[in-house]
Asker: 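Following this message is one structure expressed as structure tokens.
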Amino acid sequence: HEARYYNWSAVGGGVLSSTTTADPTITITSGTTTQVALEVLYESTENLIPNGDFELGNTGFTSSYTYASNQSEYLSGARWGKYMITNTPTVFESAWTNCSNADGLYLIADGSINANSDFYTVTVNGLSLNTDYALSFDVTQLITNTSDNAILQFKVNGTAIGNPDTLAPQTCQWKHYYTIVNSGNS
């Protein structure tokens with residue numbers, strides 16, 4: 001397998017030209033000691049997330065949001081906390097932007113007004129013990145909104161991983177989220 005992820009760090013008097021490439025250079029200040037560490041992740045081509053591309057529709061995951069299969073269901077009652085799976089967002093809401101998605105279908109979540117609502121939860125089977133796994137997804141806004149931008153965070157077994165991140169208000173600016181988690185010994 002080819003390495004997918006490099007994470008270099010230097011402690012002391014050294015400066016790395018890059019922390020994410022295979023072959024950075026390090027400049028060390030004369031008379032100092034520098035410790036350099038490298039973490040390398042090799043990624044399998046196997047996707048362990050069932051229906052991770054949503055091509056099978058509303059299956060393989062759960063959500064605390066309410067599923068809307070068509071525009072009528074989306075527009076009835078409060079819209080917050082609903083989600084849909086489509087390749088054409090404007091079918092559900094004319095104010096939304098159709099952002100290109102070369103992969104086909106995607107999940108659209110109209111943010112919940114209840115903090116800590118999980119719009120996507122999946123159980124992953126077949127993990128090996130004490131193994132690092134990469135979790136990633138891409139996300140964008142479908143409407144420019146500077147006051148109610150999505151706040152996103154990875155959770156593993158109900159525990160938050162890293163810090164929450166607020167999505168930028170620009171439409172169709174896909175942001176890639178990526179984190180490494182270890183499966184542990186149980």
Side-chain angles (χ1 to χ4, degrees), residues 1-55 61 87 97-109 111 116 118-146 148-186:
H1 295 282
E2 196 172 310
R4 165 78 173 168
Y5 172 82
Y6 297 93
N7 184 22
W8 290 91
S9 61
V11 177
V15 177
L16 291 162
S17 62
S18 171
T19 60
T20 59
T21 61
D23 56 353
T25 58
I26 184 167
T27 305
I28 300 174
T29 306
S30 179
T32 64
T33 301
T34 300
Q35 294 178 340
V36 179
L38 170 63
E39 174 187 23
V40 180
L41 174 73
Y42 293 91
E43 189 172 83
S44 168
T45 57
E46 181 183 8
N47 183 354
L48 299 176
I49 305 295
N51 194 27
D53 59 4
F54 306 108
E55 292 305 307
F61 65 96
N87 61 357
T97 303
N98 279 329
C99 301
S100 65
N101 179 13
D103 293 333
L105 298 174
Y106 46 100
L107 181 145
I108 299 170
N116 299 314
D118 296 330
F119 69 87
Y120 179 84
T121 303
V122 64
T123 299
V124 181
N125 297 308
L127 300 180
S128 298
L129 296 178
N130 298 309
T131 301
D132 287 337
Y133 289 92
L135 300 177
S136 68
F137 65 93
D138 297 294
V139 64
T140 188
Q141 295 273 25
L142 295 179
I143 189 168
T144 301
N145 185 345
T146 58
D148 294 323
N149 297 315
I151 301 171
L152 305 170
Q153 184 164 38
F154 279 107
K155 288 184 184 177
V156 174
N157 295 327
T159 301
I161 304 297
N163 295 316
D165 187 52
T166 301
L167 193 60
Q170 295 83 18
T171 60
C172 300
Q173 299 294 314
W174 290 94
K175 183 171 183 180
H176 185 70
Y177 287 86
Y178 185 91
T179 193
I180 305 296
V181 295
N182 188 282
S183 59
N185 60 7
S186 60

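Please read all numbers here as calculations on a predicted model, not as lab measurements. In this chain, residues are counted from 1 in sequence order.
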Asker: Using 0.5 Å steps for rounding, measure from the CG atom of Leu167 to the CH2 atom of Trp174.
Answerer: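 Separation between the atoms: 10.0 Å.
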
Asker: Go through the structure and list residues passing side-chain hydrogen bond (donor to acceptor under 3.5 Å, both in side chains) with Asn87, not counting sequence neighbours.
Answerer: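 By the side-chain hydrogen bond (donor to acceptor under 3.5 Å, both in side chains) rule, Asn87 matches no residue at all.
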
Asker: Which of parallel (below 30°), tilted (30 to 60°) and perpendicular (above 60°) describes Phe137 and Tyr177?
Answerer: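 The arrangement is parallel - the two ring planes meet at less than 30°.
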
Asker: Kindly write out the residues that satisfy side-chain hydrogen bond (donor to acceptor under 3.5 Å, both in side chains) with Thr25, not counting sequence neighbours, or none if the list is empty.
Answerer: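 With neighbours one apart ignored, the set is Ser17.
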
Asker: Go through Tyr133 and Val124 one step at a time and tell me if the side-chain contact (heavy atoms from CB on, under 4.5 Å) criterion holds.
Answerer: CA-CA 11 Å; Tyr133 289 92; Val124 181; over 6 Å; no

Asker: Looking only at non-hydrogen atoms, find the nearest pair between Gln141 and Gln170 and report the distance.
Answerer: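 Gln141 and Gln170 have their closest heavy atoms at CB-O, 3.6 Å.
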
Asker: Do you know which two heavy atoms are closest between Ala134 and Tyr178, and how far apart they sit?
Answerer: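 Heavy atoms of Ala134 and Tyr178 come nearest at CB-OH, 3.5 Å.
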
Asker: Tell me, please, which residues at least two apart from Thr159 pass side-chain contact (heavy atoms from CB on, under 4.5 Å).
Answerer: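 In terms of side-chain contact (heavy atoms from CB on, under 4.5 Å), with neighbours along the sequence ignored, Thr159 is linked to no residue.
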
Asker: What are the two closest heavy atoms between Pro24 and Ser18, and how far apart are they?
Answerer: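 Of all heavy-atom pairs spanning Pro24 and Ser18, the closest is CB-O, 3.2 Å.
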
Asker: Going by salt bridge (charged side-chain N to carboxylate O under 4.0 Å, His left out), name the pairs with one or both residues in residues 152-162, residues two or more places apart or in two chains.
Answerer: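 Those involving residues 152-162 are Asp118-Lys155.
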
Asker: To the nearest 0.5 Å, what is the distance between CD1 on Ile49 and CG on Asn125?
Answerer: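 Output value for this atom pair is 10.0 Å.
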
Asker: Nearest 0.5 angstrom please: Leu107 CG to Asp53 CG, how far?
Answerer: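 Taking CG in Leu107 and CG in Asp53, the distance rounds to 12.0 Å.
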
Asker: Identify, with sequence neighbours excluded, every residue that meets ring pair (Phe, Tyr, Trp, His ring centres under 6.0 Å) alongside Phe54.
Answerer: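 So Phe54 forms a ring pair (Phe, Tyr, Trp, His ring centres under 6.0 Å) with Phe61, Tyr120.
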
Asker: Going by side-chain contact (heavy atoms from CB on, under 4.5 Å), name the residues that satisfy it together with Ser30, two or more places apart in sequence or in a different chain.
Answerer: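 Not a single residue meets the side-chain contact (heavy atoms from CB on, under 4.5 Å) criterion with Ser30.
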
Asker: Quick one: pull up OG1 in Thr171 and CG in Leu142 and give me the separation to the nearest 0.5 Å.
Answerer: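 Interatomic distance, Thr171 OG1 to Leu142 CG, rounded to 0.5 Å: 8.0 Å.
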
Asker: With sequence neighbours left out, write down each residue that passes salt bridge (Lys or Arg N to Asp or Glu O under 4.0 Å) with Asp138, or none if nothing qualifies.
Answerer: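 Asp138: no salt bridge (Lys or Arg N to Asp or Glu O under 4.0 Å) contacts found.
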
Asker: Once salt bridge (charged side-chain N to carboxylate O under 4.0 Å, His left out) is applied, what residue pairs with a partner in residues 156-168 remain, sequence neighbours excluded?
Answerer: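 Of all non-adjacent pairs touching residues 156-168, those that pass salt bridge (charged side-chain N to carboxylate O under 4.0 Å, His left out) are Asp165-Lys175.
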
Asker: Indicate yes or no: at least one non-hydrogen side-chain atom of Asn130 is less than 4.5 angstrom from one of Asn182.
Answerer: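 Result yes, sub-4.5 Å side-chain heavy-atom pair found.
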
Asker: Taking Gln173 for the side chain and Thr140 for the main chain, is one N or O donor matched with an acceptor at less than 3.5 Å?
Answerer: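 Answer holds: no.
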
Asker: Please enumerate all residues that pass side-chain contact (heavy atoms from CB on, under 4.5 Å) together with Ile26, with sequence neighbours excluded.
Answerer: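 With neighbours one apart ignored, the set is Ala10, Leu16, Ile28, Thr34, Val36.
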
Asker: Starting from the C-alpha separation in whole Å, work towards a yes-or-no answer on side-chain contact (heavy atoms from CB on, under 4.5 Å) for Val156 and Leu135.
Answerer: CA-CA 10 Å; Val156 174; Leu135 300 177; 3.9 Å; yes

Asker: Could you list the residues that satisfy side-chain contact (heavy atoms from CB on, under 4.5 Å) with Gln153, not counting sequence neighbours?
Answerer: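 Only Ala160, Pro164 meet the side-chain contact (heavy atoms from CB on, under 4.5 Å) criterion with Gln153.
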
